[in-house]
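Okay, so here's the structure we're looking at.
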Amino acid sequence: MSRSVLQPSQQKLAEKLTILNDRGVGMLTRLYNIKKQGQVWKACGDPKAKPSYLIDKNLESAVKFIVRKFPAVETRNNNQQLAQLQKEKSEILKNLALYYFTFVDVMEFKDHVCELLNTIDVCQVFFDITVNFDLTKNYLDLIITYTTLMILLSRIEERKAIIGLYNYAHEMTHGASDREYPRLGQMIVDYENPLKKMMEEFVPHSKSLSDALISLQMVYPRRNLSADQWRNAQLLSLISAPSTMLNPAQSDTMPCEYLSLDAMEKWIIFGFILCHGILNTDATALNLWKLALQSSSCLSLFRDEVFHIHKAAEDLFVNIRGYNKRINDIRECKEAAVSHAGSMHRERRKFLRSALKELATVLSDQPGLLGPKALFVFMALSFARDEIIWLLRHADNMPKKSADDFIDKHIAELIFYMEELRAHVRKYGPVMQRYYVQYLSGFDAVVLNELVQNLSVCPEDESIIMSSFVNTMTSLSVKQVEDGEVFDFRGMRLDWFRLQAYTSVSKASLSLADHRELGKMMNTIIFHTKMVDSLVEMLVETSDLSIFCFYSRAFEKMFQQCLELPSQSRYSIAFPLLCTHFMSCTHELCPEERHHIGDRSLSLCNMFLDEMAKQARNLITDICTEQCTLSDQLLPKHCAKTISQAVNKKSKKQTGKKGEPEREKPGVESMRKNRLVVTNLDKLHTALSELCFSINYVPNMVVWEHTFTPREYLTSHLEIRFTKSIVGMTMYNQATQEIAKPSELLTSVRAYMTVLQSIENYVQIDITRVFNNVLLQQTQHLDSHGEPTITSLYTNWYLETLLRQVSNGHIAYFPAMKAFVNLPTENELTFNAEEYSDISEMRSLSELLGPYGMKFLSESLMWHISSQVAELKVIQFLSVLALKH
């Protein structure tokens, strides 16, 4: 490629970097799904979507032959092995086309990336993350995407079988190999060990890549500090310096402040592996690399695919002459990572929990601070996201001896405060818009205009772009925010990206390297524009945790730990809220995975909310049981012993047993002599209030176009449990025909209802609706589930037990007492009829069953009586006939 022919301004570097980075993520998504289709959990395609030809016994010998000979094609002398292939060639072509052309797309992507990297080298582009941020970031992202893609490709075990099978079927059908096959087959062979191949490939790109990486020397070490250093610097604190609380958070490197630490570590580790020569000549590069190696044991390649950095780097360097020092460095860094990284990240998470809590609390009280302190919010989100992702990928990839550092029972709290900050940004978006619209028009436009005016050289094209920036910002007004106008600065940001490309090539008329202040000012302006029109995109960039979708076991385990720890249960709502993130990990190049990831997000969200409601229901049930026990102590039947003791004491008679302890009176549990003594009921109420805070945190949440209402889960569980409890409290035993007295059941139901009514103090639910639904069903013969109700149970008992004994002459009605009483018989009855049929019991029964229930009881009663009367009439008629004869 001749430098004299190539014109940097016509190379469209910004556009190519943008498109290739997006396409690279799409290609990664497709390769990831091809790899995962052979495993248990499928992110894309049908669960049985692994090509049947790879497991078909009839094709087994053909597949082995193709893989052994790959990439060579031999169809003439192997008719026996390939005979079965001949029969199924059309089906193979049809079903493997998607897989095959995905690999072809990867090859084409590789070609475009290599071409662009060569162009960048020829243009001698200047890279500095603190000046031309977008250009440098996109360049490094492209290299890492390309590297990750080739590593992921090498991990697909069936790649040779898929490509080979398709090509053989193509040759049998069309008489020739697919035109892409020779190059594709060679690429698969060349990249068996992708990093080794790419180390050779990147020799010409070493200068550009190393310059870009070394520009991180101020940014990365500043981000990779210990928790104590953060604490001493009072990082993210709004109240540490009250006098500066209203001052805007400023930095010369605004976009670098919330840049992902995870992304930087991938840049540094993979980047310096690819241009490893610089490690021997530049101390800054070596220090950066060692610092990154000490921070992690593995990197996230894509989703849950990880890369074990120390072993891979050592294997690559072991065969390079003169690299013994580097190998020793790697081993030392590995020891440091294993020994200290876990505790360092644990302390960071501990610090971030308190820092984010403070930030969220202050901003909820004073949302106006979201304007000047927006940078703090996105820094906090980015820092927390990095630590959560670090824990997630290391939890399953670290030695068991240091397992304690990789189990964080308080992770829910950190996620919760992230969600709270995200909610503040979404809720108070207009506040931030008003602030930054005024900032852009009143300050940024003026400063940029002065910078442009003071430029010694400013070519026409660059001048036009700069002037358009100033004009765009000057025309902004608060009225646009008040009128609800939709802002769109994407064009302005792309123009700045283009301008970075124009001014970063060698021999540019206006060199950004010589005008760093302009670059830093524009980076700040771009951040301010994002605060006006791209808040949602910024939240995704800094706090997206859709990676949990691919760590479902760890995700569910964290949720269970959260519910088990009473102090953390108030943060359990964070887990269903995370399910709203999942769809952001999908890509338009792999649309078929949307349904599977969407279904996964729905099932997880439903499971989490259901478990939270069950836990709350169980706590409420335990409280109800305790309260029913306390209410039971106040029943009249328990006062006889107390009265007896009082009478005996008064008459100074000795009690039956010497030293018999005096019975505790009801209410003694409320007497507290020491505040530190905590009863079981106290613990239950505390746990319930914590969990209800979580259930009540959001009225609803939208997951993949489905709306979930956490409170409704609790309401439905309470209805089911209340129904079962009422029926259970009747204590009906069909074998012994025992049942609770209506008055005792009414007391228990009232105690139960009192507890349920108190739930309204914790959660905004309509408990009256629960009572209406449940108690009205109890007035019917069967409830909505077809189960017996208290109406049916009491009706059966009064008819089958009490009325039967009346018919048998064992029970009679006593008008003076207005109740049925037991008559003296040889066999004593198991119950006292008076206790079930006096006025107070009948009142209690009518209150429990309601008018519908009493109507059902009376109708059943009258039917039984009328049938008995009919029998008496028959007996009388027969007797009359006998007397006449």
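Only this structure's heavy atoms are used, side chains among them; waters, hydrogens and symmetry mates stay out. The shown structure was predicted, so the numbers you read here are calculated from the model rather than taken from an experiment.
Using a cut-off of 4.0 Å between Lys/Arg side-chain N and Asp/Glu carboxylate O, R516 and D128 are scored as salt-bridged. With respect to the salt-bridge test (charged N to carboxylate O, under 4.0 angstrom), the residues D262 and R393 qualify. Using a 4.0 Å cut-off between charged nitrogen and carboxylate oxygen, K325 and D329 do not count as a salt-bridge pair. The pair D408-R346 does not count as a salt bridge, with every side-chain nitrogen at least 4.0 angstrom from each carboxylate oxygen. The pair D134-K137 fails the salt-bridge criterion, with no side-chain N (NZ, NE, NH1 or NH2) lying under 4.0 Å from an Asp/Glu carboxylate O. A salt bridge links E257 with R222; the closest basic N to acidic carboxylate O contact falls under 4.0 Å. A salt bridge links R155 with E305: the distance from a Lys NZ or Arg NE/NH1/NH2 to an Asp or Glu carboxylate oxygen falls below 4.0 Å. A salt bridge does not link E314 to K311: none of the charged side-chain nitrogens sits closer than 4.0 Å to a carboxylate oxygen.
Of the possible donor and acceptor atoms, one in the side chain of N21 sits under 3.5 Å from a partner among the backbone N and O of N138. Using modelled atom types, no side-chain atom of S504 and backbone atom of V125 make a donor-acceptor pair closer than 3.5 Å.
How far CG of N232 is from OG of S226: 8.0 Å, rounded to the nearest 0.5 Å. Separation of atoms CG (L17) and CD (Q500) is listed at 10.5 Å; rounding is to 0.5 Å. Between S296 atom OG and H308 atom NE2 the span is 12.0 Å, to the nearest 0.5 Å. One distance of note links CD of E413 with CG of L352; it measures 11.5 Å at 0.5 Å rounding.
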task = Check step by step if salt bridge (charged side-chain N to carboxylate O under 4.0 Å, His left out) holds for D228 and R231.
result = CA-CA 5 Å; D228 286 335; R231 202 170 279 111; 3.1 Å; yes

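In this pair, F406 and H394 present their aromatic rings parallel. The plane angle is below 30°, not in the 30 to 60° band. Relative ring orientation between H205 and F202 is described as perpendicular, the plane-to-plane angle rising above 60° on a 0-90° scale split at 30° and 60°. Ring-plane geometry between F555 and F575 is classed as tilted, the angle between the planes lying from 30 to 60 degrees on a 0 to 90 degree scale. The aromatic rings of F127 and Y139 sit parallel to each other, their planes meeting at less than 30°, with 60° as the upper class boundary. Ring geometry, H276 versus Y323: the interplanar angle exceeds 60°, so the pair is classed perpendicular (tilted spans 30 to 60°).
Cation-pi check for K530 over F527 is not met; the charged atom does not lie both under 6.0 angstrom from the ring centroid and within 45 degrees of its normal. Geometric assessment of R303 against the ring of Y32 yields a positive cation-pi assignment under the 6.0 Å and 45° thresholds.
With a 6.0 Å radius and a threshold of 12 heavy atoms from other residues, nucleotides or ligands, M218 has its CE atom at or below the threshold.
C562 approaches Q568 most closely through the heavy-atom pair SG-O, 3.1 Å.
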